[in-house]
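Proteins get letters first, then strands, A, B, ... in listed order; numbering begins at 1 in each.
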There are 2 protein chains.
Amino acid sequence: MLNESYNQYSFILDRTARKVKQYAQTAFAEQQFDLTVDQWIVLRTIYENPSLSNKEMAELCGKDQPTLTRIIDLLIKKEFAERISHPSDRRSLRLHITKKGEYKIQEIAPKVADFRMQAWKNLNEEDFAHFTRILNTIYDNLTHK
Amino acid sequence: MLNESYNQYSFILDRTARKVKQYAQTAFAEQQFDLTVDQWIVLRTIYENPSLSNKEMAELCGKDQPTLTRIIDLLIKKEFAERISHPSDRRSLRLHITKKGEYKIQEIAPKVADFRMQAWKNLNEEDFAHFTRILNTIYDNLTHK
DNA sequence: TAACAATAATTAGTGTGACAAATATAATTA
DNA sequence: TAATTATATTTGTCACACTAATTATTGTTA
């Protein structure tokens, strides 16, 4: 029946997303970047958008707040990032990258871009347009009802 | 630069996959199915393909063996599935659904199909064809090198 | 201004994913 | 047939996702 195919689409989506992440993570490990893929995503976001709050950064990274808190914990342990308290709101804090974090970003960003390309072989600009449109439609279908 | 957009595609893919899963999981919880989305996927696979080994079932579900083992543990705890030892190979075992599991499948399958549709609104058959082709191309690009 | 509500961030708990290592058993081979 | 190799499954560990609960602080209002 028709509905069965929807299950299939969910399966393909999930499977592909995991494969892309796993492929990147393997490359990260092989090249000893000392970062997970998600840690790298967060660090790069901090690098490009310094001095945001946990909440704002979580939004930008597309992660929920508890997850972001834990990833930041790990980045701080590795001395790639730091939390700085907000001057006027003691509940809040600002996320910053360290010098060591900046060096890391600059070191690995081009390498990441290199092997990321592997995923998108055999696809053209038209495919990317479809990809973006379709996936964003799905996302919007499920967001704020 | 061009490479930046590849990062963006990874982001969209990951974000959409998580949203689809989360949306389904919320519906599962609201309707008190007493199953997670992944447990349901596995149970349905056992239902449709009875008497396979852990390894074979993992392959069908698109999960790795340790993950499947743990999901099966939970399904057994809920008495939806059982492990039956292989008659001639004591290393192996066969996965079966219980009566209680069958009832569960029959009860929730149509409901799942209902709310799964929400994700695919505003998309037509052509979009689904693009979706399947593009995501499978990505998957293949990263599989067995 | 004291009580209450709202907000920012964290912590806790459960489930899942990936990988490596361990265990038990079967198959092969020297 | 004893030793070795291969296979099936489970266990251990770390990371991430999501929900709910908690803590600390700020804002609001009676």
Side-chain angles (χ1 to χ4, degrees), chain A residues 11 14-30 33-43 52-59 61-78 82-95 142, chain B residues 11 14-30 32-43 52-59 61-78 83-95 142:
Chain A
F11 177 82
D14 191 58
R15 181 178 82 149
T16 306
R18 276 188 287 120
K19 177 66 82 175
V20 168
K21 191 172 207 171
Q22 185 205 352
Y23 179 83
Q25 188 56 57
T26 300
F28 271 51
E30 277 173 356
F33 285 172
D34 190 26
L35 284 175
T36 66
V37 172
D38 294 285
Q39 287 163 21
W40 176 74
I41 289 168
V42 171
L43 191 60
L52 298 184
S53 72
N54 196 297
K55 183 189 173 77
E56 293 162 335
M57 202 66 76
E59 174 67 24
C61 296
K63 299 187 176 301
D64 55 66
Q65 286 197 56
T67 297
L68 188 67
T69 292
R70 284 184 174 107
I71 292 176
I72 299 287
D73 284 344
L74 293 170
L75 289 175
I76 289 176
K77 193 176 294 176
K78 293 174 181 172
E82 54 194 0
R83 294 191 181 95
I84 296 176
S85 54
H86 190 282
S88 67
D89 187 342
R90 285 197 293 168
R91 291 171 305 184
S92 190
L93 49 83
R94 303 290 132 184
L95 299 175
L142 303 182
Chain B
F11 177 82
D14 191 57
R15 181 178 81 149
T16 305
R18 275 187 289 122
K19 177 66 82 175
V20 168
K21 191 172 205 171
Q22 184 206 354
Y23 178 82
Q25 188 55 58
T26 299
F28 271 50
E30 277 173 357
Q32 301 181 302
F33 285 172
D34 189 27
L35 284 176
T36 65
V37 173
D38 293 285
Q39 286 162 22
W40 175 75
I41 290 169
V42 170
L43 190 60
L52 296 184
S53 70
N54 197 297
K55 181 189 173 78
E56 293 162 336
M57 203 66 77
E59 174 67 23
C61 295
K63 299 186 179 300
D64 68 0
Q65 288 196 53
T67 297
L68 187 67
T69 291
R70 284 171 178 120
I71 292 175
I72 299 286
D73 286 344
L74 294 170
L75 290 175
I76 289 176
K77 193 176 294 177
K78 292 174 182 172
R83 294 190 181 97
I84 297 178
S85 53
H86 190 283
S88 66
D89 186 342
R90 286 198 291 169
R91 290 171 306 182
S92 191
L93 49 83
R94 302 291 132 185
L95 299 174
L142 304 182

Starting from [atom2] on [N], measure out to [atom1] on [X] and report it in whole angstrom.
X	N	atom1	atom2	answer
B:Leu35	C:dT14	CG	P	18 Å
A:Arg18	C:dC19	CZ	C1'	14 Å
B:Ile41	C:dG15	CD1	C1'	13 Å
A:Lys55	C:dT10	NZ	P	13 Å

For C:dC19, does either OP1 or OP2 sit under 4.0 Å from a side-chain N or O belonging to A:Gln22?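 Answer is yes, contact under 4.0 Å.
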Any side-chain N or O of A:Ser53 under 4.0 Å from OP1/OP2 of C:dA9?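 True: A:Ser53 side-chain N/O within range (under 4.0 Å) of C:dA9 OP1/OP2.
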On DNA chain C, check which nucleotide each of A:Lys19 and A:Asn54 is closest to and give me the residue with the more 5' one.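 Per heavy-atom nearest nucleotide, the more 5' residue is A:Asn54.
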Closer to the 5' end of DNA chain C via nearest nucleotide, is it B:Asp38 or A:Thr26?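 Closest to the 5' end, via its nearest nucleotide, is B:Asp38.
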Who pairs with C:dA30 - Watson-Crick or G-U, where each distance is under 3.5 Å: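 C:dA30 is paired, partner D:dT1.
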Is the closest side-chain heavy-atom distance between B:Trp40 and B:Phe33 below 4.5 Å?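 The answer is no; the side chains never approach within 4.5 Å.
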Listed by chain and number, what are the salt bridge (charged side-chain N to carboxylate O under 4.0 Å, His left out) partners of [X], not counting sequence neighbours?
X	value
B:Arg91	B:Asp89
A:Glu56	A:Arg94
B:Arg83	B:Asp73
B:Arg18	B:Asp14

Can you list everything that forms a side-chain hydrogen bond (donor to acceptor under 3.5 Å, both in side chains) with A:Ser85? Sequence neighbours excluded, please.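 Expected list: none.
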Anything under 4.0 Å to a heavy atom of chain B counts; send over the first and last such nucleotide of DNA chain D, read 5' to 3'.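 Taking any atom under 4.0 Å from a heavy atom of chain B, the span is D:dA6 to D:dT19.
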Just checking B:Arg15: base, sugar-phosphate only, or nothing, at a heavy-atom cut-off of under 4.0 Å?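 The residue B:Arg15 makes no contact with any strand.
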Indicate, with a heavy-atom threshold strictly under 4.0 Å, whether B:Gln39 touches base, sugar-phosphate, or nothing.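 Sugar-phosphate contact only - B:Gln39 comes under 4.0 Å of backbone atoms but never of a base.
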Go through residues 63-75 of chain A and report each residue with a non-hydrogen atom lying under 4.0 Å from DNA chain C, sorted by number.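 By residue number: A:Gln65, A:Pro66, A:Thr69, A:Arg70.
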Measure the spacing between [atom1] of [X] and [atom2] of [Y] and express it to the nearest 0.5 Å.
X	Y	atom1	atom2	result
A:Ile72	A:Leu43	CD1	CG	8.5 Å
B:Gln32	B:Glu30	CD	CD	10.0 Å
B:Leu68	B:Leu95	CG	CG	6.5 Å
B:Gln22	A:Leu142	CD	CG	9.0 Å
A:Leu35	A:Gln25	CG	CD	9.0 Å

side-chain contact (heavy atoms from CB on, under 4.5 Å) with [X]: which residues, sequence neighbours excluded?
X	value
A:Gln65	A:Asn54, A:Lys55, A:Ala58
A:Glu82	A:Ile84, A:His96, A:Thr98
B:Asp38	B:Lys21, B:Thr36, B:Ile41, B:Lys63, B:Ile71

What N/O pairs connect the protein and nucleotides 1-4 of chain C at under 3.5 Å? Give each pair on its own line.
none

For DNA chain D, which residues in residues 86-94 of chain B have a heavy atom at a distance below 4.0 Å?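 Only B:Arg91, B:Ser92, B:Leu93 qualify.
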